[in-house]
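Beneath this line is the structure, given in structure tokens, with notes to follow.
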Number of protein chains: 2
Amino acid sequence: MLTPERHRKIIERLGEKQVVTIQELVEATSSSESTIRRDLSQLQKEKKLKRVHGGASLLHQKSEELSVVEKSARNSSEKEKIAHFAANIVNDGDCIYIDAGTTTHLMIPHLKDKEITVVTNGISHLDALIDHQITTYVVGGLVKPKTKALVGSGALNSLSSYRFDKCFMGINGIHLDAGFTTPDPEEAAVKRLAISLSQEVFILADYSKFNEASFSKVADLNEAVIITNELDEDAAYDFEDKTNIRVVTP
Amino acid sequence: MLTPERHRKIIERLGEKQVVTIQELVEATSSSESTIRRDLSQLQKEKKLKRVHGGASLLHQKSEELSVVEKSARNSSEKEKIAHFAANIVNDGDCIYIDAGTTTHLMIPHLKDKEITVVTNGISHLDALIDHQITTYVVGGLVKPKTKALVGSGALNSLSSYRFDKCFMGINGIHLDAGFTTPDPEEAAVKRLAISLSQEVFILADYSKFNEASFSKVADLNEAVIITNELDEDAAYDFEDKTNIRVVTP
DNA sequence: TTGTTTTTGATTGAATTTGATTGTTTTTGA
DNA sequence: TCAAAAACAATCAAATTCAATCAAAAACAA
């Protein structure tokens with residue numbers, strides 16, 4: 001892999017997640033730690049990013065408070081942990097559905113050496129999936145420019161001819177009354193169908209999604225296993241009655 | 001392979017992938033490393049690309065400026081002329097199918113300001129289509145890692161629910177007896193179906209494709225209009241009986 | 001055709017990039 | 001606080017890529 005190609009990939013990941021670990025980049029580019037370190041040093045000199053212990057972070061954050069920045073950085077490293085945990089659930093031979101979205105995207109590097117079949121409606125996932133030599137099927141449908149997700153009747157039709165061992169999706173809200181919710185009705189429809197086609201359903205969500213509700217209902221709380229990482233006592237108490245939560249050990 | 005042809009190919013690859021390795025170009029052009037090096041040096045002097053260790057990369061990586069680079073390649077490229085001509089056939093309101101492939105990819109920038117709906121099985125087309133704010137539907141199916149085309153029953157099913165005013169595809173061979181042919185049977189099947197769903201069918205092919213035959217038959221010669229740019233007298237005479245050729249004025 | 005010019009591909013040693021290894025520093029968790 | 005673990009910078013040898021050179025091949029002109 002050529003230098004500019006690596007650099008582009010690094011910047012790209014940073015754009016998505018605010019932070020990247022060196023380990024992650026080593027896998028993504030299949031080059032050595034030394035090379036990635038050199039890349040990061042150079043990109044830092046070019047003011048493209050800031051090196052931090054263990055990886056790199058975005059440079060000029062929006063003129064927000066530091067705490068907000070810290071939070072988003074923290075969120076994404078937690079997202080990474082969640083994604084990693086989720087990926088470990090996948091076994092050789094599984095056929096899985098990976099929904100469009102940034103959290104689920106983070107699963108892909110961890111699926112590298114598994115013998116699996118993946119179906120997705122996320123266009124942004126495709127390059128990574130192909131890079132990792134994973135057998136990939138794409139759902140058809142209309143491309144939503146903003147999220148690069150495939151939606152609409154085309155997606156639903158196309159999806160309905162598959163069955164999954166497991167499906168993984170991000171979500172915007174998890175609420176005791178409202179269930180799992182997401183802002184976009186069309187994406188919600190795709191999620192609903194994917195859930196109904198899957199034997200096991202996993203929702204990837206960090207703590208910020210709890211007690212939030214959004215416009216379109218995707219499923220009831222008891223329809224999926226939630227993979228999350230942190231939940232304060234009270235919330236845990238409420239949710240554990242109604243849901244099946246699996247907490248990533250920190 | 002002639003020098004301008006090599007240069008065109010190099011720029012074309014860059015437009016698609018932002019980076020190319022020398023090794024890759026050696027294979028693609030079946031010329032030696034030395035020759036490719038000389039080409040790259042020259043193209044760099046002409047500000048068409050930037051050399052990097054192991055290959056070359058686009059000068060500016062922003063999509064807006066990318067089209068500027070494409071533009072410079074544009075005038076010198078036969079394929080580009082063909083693609084431009086094809087794009088001009090498309091009218092506002094049309095629903096068109098654009099097949100996966102490098103020639104058809106070049107059509108996309110020219111579709112920018114048209115009010116159209118595009119369906120494609122080419123994953124590499126998606127970014128460009130979205131960038132140019134074109135309403136885009138994707139066919140589902142299995143991702144072929146090499147060509148990044150969608151194929152298989154998923155693609156066929158998904159495709160069959162659409163109808164097109166026009167469809168555009170590249171091809172590997174155009175032969176009086178064998179008709180239109182392409183090496184991959186699965187991609188051929190997709191092409192066949194797309195053709196049957198389209199009112200008008202356009203094959204984009206430079207002269208090198210004439211009198212060549214490949215493994216899988218896509219269609220008979222009379223089923224499509226060929227858009228090409230150059231054809232010597234004898235060939236033209238033979239083909240004009242059997243086909244509907246539209247030659248791009250030089 | 002013949003002689004000239006241009007282009008090509010192989011070869012060489014130099015330059016660059018890479019990945020592994022070293023010992024040091026920082027972070028982590030008890 | 002301390003010790004183990006992780007991440008680090010520095011270094012070096014191996015691998016890759018590079019520019020320069022030259023002879024053969026091809027294209028060209030007379």
Side-chain angles (χ1 to χ4, degrees), chain A residues 1-11 13-14 17-46 48-59 66 69-70 73-78 80-81 84-85 109-110 112-113 131 229-230 247-250, chain B residues 1-11 13-14 17-59 76 207-208 230 232:
Chain A
M1 179 174 273
L2 264 35
T3 310
E5 203 174 351
R6 275 195 325 265
H7 287 196
R8 200 159 49 80
K9 217 157 208 163
I10 292 171
I11 299 293
R13 297 235 168 184
L14 267 177
K17 323 191 315 166
Q18 271 84 345
V19 236
V20 278
T21 67
I22 288 192
Q23 217 45 41
E24 191 184 331
L25 294 171
V26 166
E27 285 188 23
T29 62
S30 43
S31 49
S32 75
E33 215 168 281
S34 304
T35 301
I36 296 297
R37 279 181 209 293
R38 272 185 285 254
D39 286 341
L40 293 185
S41 298
Q42 187 179 342
L43 286 169
Q44 181 175 39
K45 226 184 303 181
E46 296 171 12
K48 300 267 179 66
L49 51 75
K50 191 177 103 204
R51 290 197 63 177
V52 297
H53 202 85
S57 86
L58 271 188
L59 191 54
L66 207 91
V69 174
E70 275 177 349
R74 174 143 179 264
N75 262 344
S76 48
S77 87
E78 292 191 355
E80 165 63 28
K81 282 182 198 153
H84 193 159
F85 183 92
H110 301 291
K112 193 175 180 182
D113 297 318
D131 277 357
N229 58 335
E230 197 179 305
V247 177
V248 178
T249 47
Chain B
M1 180 173 275
L2 267 35
T3 309
E5 201 175 350
R6 275 196 326 267
H7 286 197
R8 173 180 63 73
K9 212 157 208 162
I10 292 170
I11 298 292
R13 295 232 168 188
L14 269 177
K17 312 199 323 162
Q18 349 260 92
V19 213
V20 277
T21 66
I22 289 193
Q23 218 45 41
E24 194 182 330
L25 294 171
V26 165
E27 282 187 30
T29 63
S30 43
S31 49
S32 75
E33 211 172 285
S34 304
T35 302
I36 297 296
R37 278 181 208 293
R38 271 185 287 254
D39 286 341
L40 293 185
S41 296
Q42 187 178 341
L43 286 169
Q44 180 175 40
K45 225 183 304 181
E46 296 170 12
K47 313 272 191 206
K48 301 262 178 74
L49 51 75
K50 191 176 105 203
R51 289 198 65 177
V52 298
H53 202 87
S57 90
L58 273 186
L59 222 36
S76 60
Y207 64 91
S208 72
E230 199 179 304
D232 65 56

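Each chain gets a letter, A, B and so on, in the order its sequence line appears, and its residues count up from 1.
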Can you tell me how far [atom2] of [N] sits from [atom1] of [X], to the nearest Å?
{"X": "Arg38(B)", "N": "dC22(D)", "atom1": "CZ", "atom2": "P", "value": "14 Å"}
{"X": "Glu33(B)", "N": "dA20(D)", "atom1": "CD", "atom2": "P", "value": "15 Å"}
{"X": "Leu2(A)", "N": "dT16(C)", "atom1": "CG", "atom2": "P", "value": "16 Å"}
{"X": "Arg6(B)", "N": "dA26(D)", "atom1": "CZ", "atom2": "C1'", "value": "13 Å"}
{"X": "Ile36(B)", "N": "dT7(C)", "atom1": "CD1", "atom2": "P", "value": "15 Å"}
{"X": "Leu25(A)", "N": "dC8(D)", "atom1": "CG", "atom2": "P", "value": "11 Å"}
{"X": "Gln44(A)", "N": "dC8(D)", "atom1": "CD", "atom2": "P", "value": "11 Å"}
{"X": "Leu40(B)", "N": "dA19(D)", "atom1": "CG", "atom2": "P", "value": "9 Å"}

Query raised in the report: Within a radius of less than 6.0 Å around CD of Glu46(A), do more than 12 heavy atoms belonging to other residues, nucleotides or ligands occur?
Result: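 Count over threshold, so yes.
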
Query raised in the report: OP1 or OP2 of dC12(D) sitting under 4.0 Å from any side-chain N/O of Ser34(A)?
Result: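 For dC12(D), neither OP1 nor OP2 has a side-chain N or O of Ser34(A) closer than 4.0 Å.
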
Requested in this report: Compare side-chain N and O positions of Thr35(B) against OP1 and OP2 of dG9(C) and report whether any pair is under 4.0 Å apart.
Outcome: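 Yes, Thr35(B) has a side-chain N/O under 4.0 Å of OP1/OP2 on dG9(C).
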
Requested in this report: Test Val26(B) against every option in Thr35(B), Thr21(B), Ile36(B) by the side chain to side chain contact (heavy atoms under 4.5 Å, CB included) rule and name the one that passes.
Outcome: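 Per the side chain to side chain contact (heavy atoms under 4.5 Å, CB included) rule, the option paired with Val26(B) is Ile36(B), out of Thr35(B), Thr21(B), Ile36(B).
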
Requested in this report: Check His7(A), Arg6(A), Lys50(A) against Leu43(A) for a side chain to side chain contact (heavy atoms under 4.5 Å, CB included) and give me the one that passes.
Outcome: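 The passing option is His7(A).
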
What is the distance from atom [atom1] of [X] to atom [atom2] of [Y], rounded to the nearest 0.5 Å?
{"X": "Arg8(B)", "Y": "Arg13(B)", "atom1": "CZ", "atom2": "CZ", "answer": "11.0 Å"}
{"X": "Ile10(A)", "Y": "Asp39(A)", "atom1": "CD1", "atom2": "CG", "answer": "4.5 Å"}
{"X": "Gln23(B)", "Y": "Leu2(A)", "atom1": "CD", "atom2": "CG", "answer": "11.0 Å"}

**Report entry** Pairwise 5' ranking along DNA chain C for His53(B) and Ser32(B), keeping only the more 5' one
**Finding:**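 Final value for this comparison: Ser32(B).
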
Query raised in the report: Using a cut-off of 4.0 Å on non-hydrogen atoms, how would the nucleic acid contact of Val52(B) be classed: base, sugar-phosphate, or nothing?
Result: sugar-phosphate

Query raised in the report: Contact class for Thr3(B) (heavy atom, under 4.0 Å): base, sugar-phosphate, or nothing?
Result: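 Contact class for Thr3(B): sugar-phosphate only.
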
Report summary line: Double-helix bend of the helix from dT1(C)-dA30(D) to dA30(C)-dT1(D), axes at both ends from 5 pairs, round to 10°, gives 40°

Report summary line: By nearest-heavy-atom nucleotide on DNA chain D, the more 5' of Ile22(A) and Arg37(B) is Ile22(A)

Query raised in the report: Starting at the 5' end of DNA chain D, which residue's closest nucleotide do you reach first, Ser41(B) or Arg51(A)?
Result: Arg51(A)

Query raised in the report: Taking 4.0 angstrom as the limit, do Glu5(A) and Lys9(A) come out as a salt bridge?
Result: no

